[in-house]
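Scroll down for the structure; my scribbles are underneath it.
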Amino acid sequence: MRTQTASNLYQRARAVLPGGVTANARTNPALGEPFYVSRSEGPFVYDLDGRRVIDLCMSNGATLLGHGHPAVVAAVRRAADLGFACAYDGEAQVALAERLVEQIPCFELVRFTTSGTEATFYVVRIARAYTGRTKVLKFEGQFHGFNDPLAFSFWPLPEEGGPADAPIARPETAGLPANAERDVVVAPFNDSAAFRRALDRVGDELAAVIMEPISYDVGAILPDPAFLKLVRDETARRGIVLIFDEVLSGYRTGPDCAQGYLGVTPDLSTLGKAIGGGVPLSVFGGRRELMSVVSPLGSAIHTGTYNAHLIPILAAHAFLDTIGRDGFYDHLLGIHQRLYAGLRQAFAEAGLPVRLQGVGARFGMYFGLDPAVEVTRYRQAARFDREMMNRFCREMHVRGVYVNPAWHHGLSAMHGDSEVDRIVEAAAESAQAISAANG
Ligand SMILES: Cc1ncc(COP(=O)(O)O)c(C=O)c1O
């Protein structure tokens with residue numbers, strides 16, 4: 001729903017911001033202009049004219065607790081009362097590290113940074129420092145932020161990605177160092193034979209295999225257990241560091257994250273988004289032996305003025321306190337299951353072909369794909385109907401629900417049954433409208 005207020009702001013924004021946005025992902029191909037938000041509260045965001053909209057984006061997954069969760073707000077206020085001096089350590093930082101080491105299977109030593117992009121940057125540096133090798137294998141259709149060694153093959157169109165079982169490393173941005181693709185190997189997720197072939201070819205040169213353990217950046221694709229076991233066994237056997245990038249998967253399935261849920265422990269892992277309760281925090285950590293290359297124990301540098309800033313550190317304590325309360329995950333996972341069932345029924349009744357897949361508290365909607373066929377590979381997912389998705393986002397927006405035209409969506413702990421009912425009702429009407437227009 002376009003408004004004059006939003007259009008006016010977009011016009012001002014274009015004069016001073018490239019493309020009128022502060023981040024690429026804030027362009028909105030469905031609405032034709034950014035979705036501007038004046039404030040947020042619990043499951044809701046408010047547009048510039050004060051219209052209340054139910055949020056299904058939830059800060060791309062960062063506000064898993066809900067917008068402005070009272071525990072997080074209190075933590076931020078406490079940090080302000082304490083003066084939030086940064087570039088100093090204190091009790092809160094050490095205590096947070098202790099809690100994470102206790103909770104996350106692979107963590108023996110951890111460090112804090114601000115964004116997911118920084119966390120994945122550092123784990124690659126650590127793997128390289130530890131192994132003395134340079135190359136990194138990543139999976140097509142997985143996203144790890146925009147740092148140079150990993151800025152390849154996030155979401156190539158199938159015709160641009162090379163053969164499905166031997167994808168090329170396709171740069172996702174201009175401005176990479178010359179020959180950067182020499183240091184990256186791209187393999188298809190969930191394809192054991194292709195993974196074996198890649199290792200036979202370059203296994204001796206690989207510092208790391210980095211993966212989203214659950215492929216949420218293309219909706220919600222679970223790893224095939226045999227594939228995941230192969231990845232874990234072969235990386236261990238060949239001395240390759242296995243990294244789980246849990247910036248998005250962290251806390252979607254439970255307090256021990258995807259590695260606990262899947263029962264597979266990587267060597268290093270990242271966390272981001274949810275852990276900060278909506279303020280910027282990321283974490284990386286792993287086995288003591290590996291993390292011991294980090295300075296001052298070793299010579300891989302990790303430092304930064306804003307690392308472990310008191311605001312996100314106290315917010316993360318509030319986050320962990322909140323998810324540790326009895327019934328937290330029962331509610332969070334319960335409302336998601338209710339939403340998934342409702343959306344599937346809405347699409348089916350309208351005769352709209354949409355495959356919905358959800359794992360825990362995040363899900364993908366593959367418009368135009370057969371609802372009955374599980375999406376297990378990126379190349380399947382990539383064939384979704386973008387125009388149908390954009391249309392759905394527009395229809396939902398008119399009905400007071402914000403759906404980001406992106407791969408993944410989710411509720412928060414502050415969504416309840418009434419919001420789920422409202423979303424499902426809006427989806428049913430939207431799906432009917434699209435079906436009717438398609439004839
Ligand atoms: C799996 C994963 N890794 C890394 C990142 C980058 O995180 P940030 O946007 O905080 O830099 C993202 C962001 O969406 C992500 O989903």
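For the numbers below, each heavy atom of this structure counts, side chains included, while hydrogens, waters and symmetry mates do not. All values derive from a computational prediction rather than experimental measurement. We count ligands from 1, going down the list as the structure has it; atoms in each ligand are counted the same way.
Heavy-atom neighbours of Arg14 CZ from other residues, nucleotides or ligands within 6.0 Å: above the threshold of 12.
Stacking of Arg111 on the aromatic ring of Phe284 is not recorded, the 6.0 Å distance cut-off and the 45° axial limit not both being met. Taking the centre and axis of the six-membered ring of Phe347, the NZ or CZ atom of Arg344 falls outside the cone set by 45° and 6.0 Å.
The existence of a salt bridge linking Arg170 and Glu160 is confirmed by a sub-4.0 Å separation between a basic side-chain nitrogen and an acidic carboxylate oxygen. Checked for salt-bridge contact, Asp165 and Arg197 meet the test: a charged N lies under 4.0 Å from a carboxylate O. Taking 4.0 Å as the cut-off between side-chain N and carboxylate O, Arg377 and Asp191 count as a salt-bridged pair. Here Arg399 pairs with Glu395 in a salt bridge; the nearest charged N to carboxylate O distance falls below 4.0 Å.
Of all the atoms in ligand 1, the ones that sit under 4.0 Å from a non-hydrogen atom of Glu212 are 1 (C). The Ser115 neighbourhood of ligand 1 comprises atoms 10 (O), 11 (O), with distances under 4.0 Å to a heavy atom of that residue. Shown in contact with Gly145 at under 4.0 Å from a heavy atom are these atoms of ligand 1, numbered in order with element: 4 (C), 5 (C), 6 (C). Applying the 4.0 Å criterion to heavy atoms of Gly116 picks out, from ligand 1, the atoms 6 (C), 7 (O), 8 (P), 10 (O), 11 (O).
With hydrogens left out, the protein atom closest to atom 4 (C) of ligand 1 is His144 C, 3.4 Å, a heavy atom. Looking from atom 16 (O) of ligand 1 to the surrounding protein, the closest heavy atom is Asp217 OD2, 2.7 Å.
Using a non-hydrogen distance threshold of 4.0 Å, Asp245 registers as a contact of ligand 1. Under a 4.0 angstrom heavy-atom cut-off, Lys273 registers as being in contact with ligand 1.
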Next item on the list: Report the C-alpha distance between Ile221 and Asn190 in whole Å, list the side-chain angles of each, state the deciding distance to 0.1 Å, and finish with yes or no for side-chain contact (heavy atoms from CB on, under 4.5 Å).
Entry: CA-CA 9 Å; Ile221 301 180; Asn190 267 344; 3.9 Å; yes
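The nearest protein heavy atom to atom 14 (O) of ligand 1 is closer than 4.0 Å.
Contacts between Glu118 and ligand 1, counted as non-hydrogen atom pairs separated by less than 4.0 Å, are absent for every part of the residue.
For atom 2 (C) of ligand 1, the candidate residues are Tyr216, Phe154, Phe143; the nearest heavy-atom contact is made by Phe143. When Thr270, Val247, Thr114, Thr117 are ranked by how near their heavy atoms come to atom 11 (O) of ligand 1, first place goes to Thr117.
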